[in-house]
Amino acid sequence: MNIEVAYARSDKQLIIALQVDDSCTVEQAIVLSGITGQFPEIDLAINKVGVFSQICPLMTRLQDNDRVEIYRSLAIDPMEARRQRAVKQGR
């Protein structure tokens, strides 16, 4: 089956297309993609993963045309970002 593995930083994004066995899991797809070699900051014990924006466990079996996404932690808390924008705008 055909799947994609995706990861993005602010300076670089990568989507890797793969053909995998029908029994492939999220974790297996990430390993097969080699994406951790290009982004050494990825740590599957820390980073959350998902399929099409739905967080899932590493052992989740994939379906044809799934896109595995590796999520990075937020650079800043969304509430703090709003506060900072409000201060800049003089509110």
Side-chain angles (χ1 to χ4, degrees):
M1 68 182 163
N2 296 308
I3 59 127
E4 296 178 330
V5 177
Y7 182 71
R9 291 190 313 218
S10 59
D11 65 327
K12 183 178 179 184
Q13 301 82 37
L14 184 62
I15 298 175
I16 299 171
L18 296 172
Q19 286 190 328
V20 296
D21 293 334
D22 290 344
S23 62
C24 189
T25 65
V26 168
E27 184 174 22
Q28 291 169 335
I30 292 169
V31 171
L32 288 171
S33 73
I35 202 163
T36 56
Q38 297 183 50
F39 296 97
E41 70 271 16
I42 295 173
D43 181 348
L44 296 180
I46 297 172
N47 293 90
K48 292 184 180 185
V49 297
V51 175
F52 290 118
S53 302
Q54 297 294 314
I55 293 175
C56 66
L58 289 168
M59 65 198 94
T60 301
R61 285 182 123 186
L62 296 173
Q63 298 178 16
D64 195 29
N65 297 314
D66 275 351
R67 183 182 64 229
V68 175
E69 300 162 338
I70 305 166
Y71 306 117
R72 56 189 171 88
S73 56
L74 297 174
I76 186 169
D77 176 60
M79 289 295 287
E80 181 60 27
R82 276 183 235 131
R83 282 189 203 101
Q84 290 177 6
R85 281 195 304 273
V87 168
K88 275 186 182 178
Q89 293 173 0
R91 292 183 185 177

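Excluded from the calculations below are hydrogen atoms, water molecules and symmetry mates; all remaining heavy atoms, backbone and side chain alike, are included. Keep in mind it's a predicted model, so treat the numbers as computed, not measured.
- How far OG of Ser23 is from CG of Leu62: 10.0 Å, rounded to the nearest 0.5 Å.
- Between Asn2 and Asn65, some side-chain heavy-atom pair lies under the 4.5 Å cut-off.
- In this structure, the side chain of Gln89 does not engage the main chain of Ala86 through any donor-acceptor pair within 3.5 Å.
- With rounding to the nearest 0.5 Å, the separation of CE in Met1 from CZ in Arg61 is 8.0 Å.
- Between Val5 and Ile15 the shortest side-chain heavy-atom distance does not fall below 4.5 Å.
- No donor-acceptor pair under 3.5 Å is formed between the side chain of Glu69 and the backbone N or O of Ala6.
- Not a single donor-acceptor pair under 3.5 Å links the side chain of Gln38 to the backbone N or O of Gly34.
- Under a 3.5 Å cut-off, the side chain of Asn47 and the backbone N or O of Asp43 do form a donor-acceptor pair.
- To the nearest 0.5 angstrom, Gln54 atom CD is 11.5 Å from Asp66 atom CG.
- Taking 4.5 Å as the limit, every side-chain heavy atom of Arg72 sits out of range of all side-chain heavy atoms of Glu41.
- Relative to the ring axis of Tyr7, Lys12 does not place its NZ or CZ within 45° and under 6.0 Å from the centre.
- Here the straight-line distance linking atom CD1 of Ile35 with atom CG of Leu18 works out to 9.0 Å at 0.5 Å rounding.
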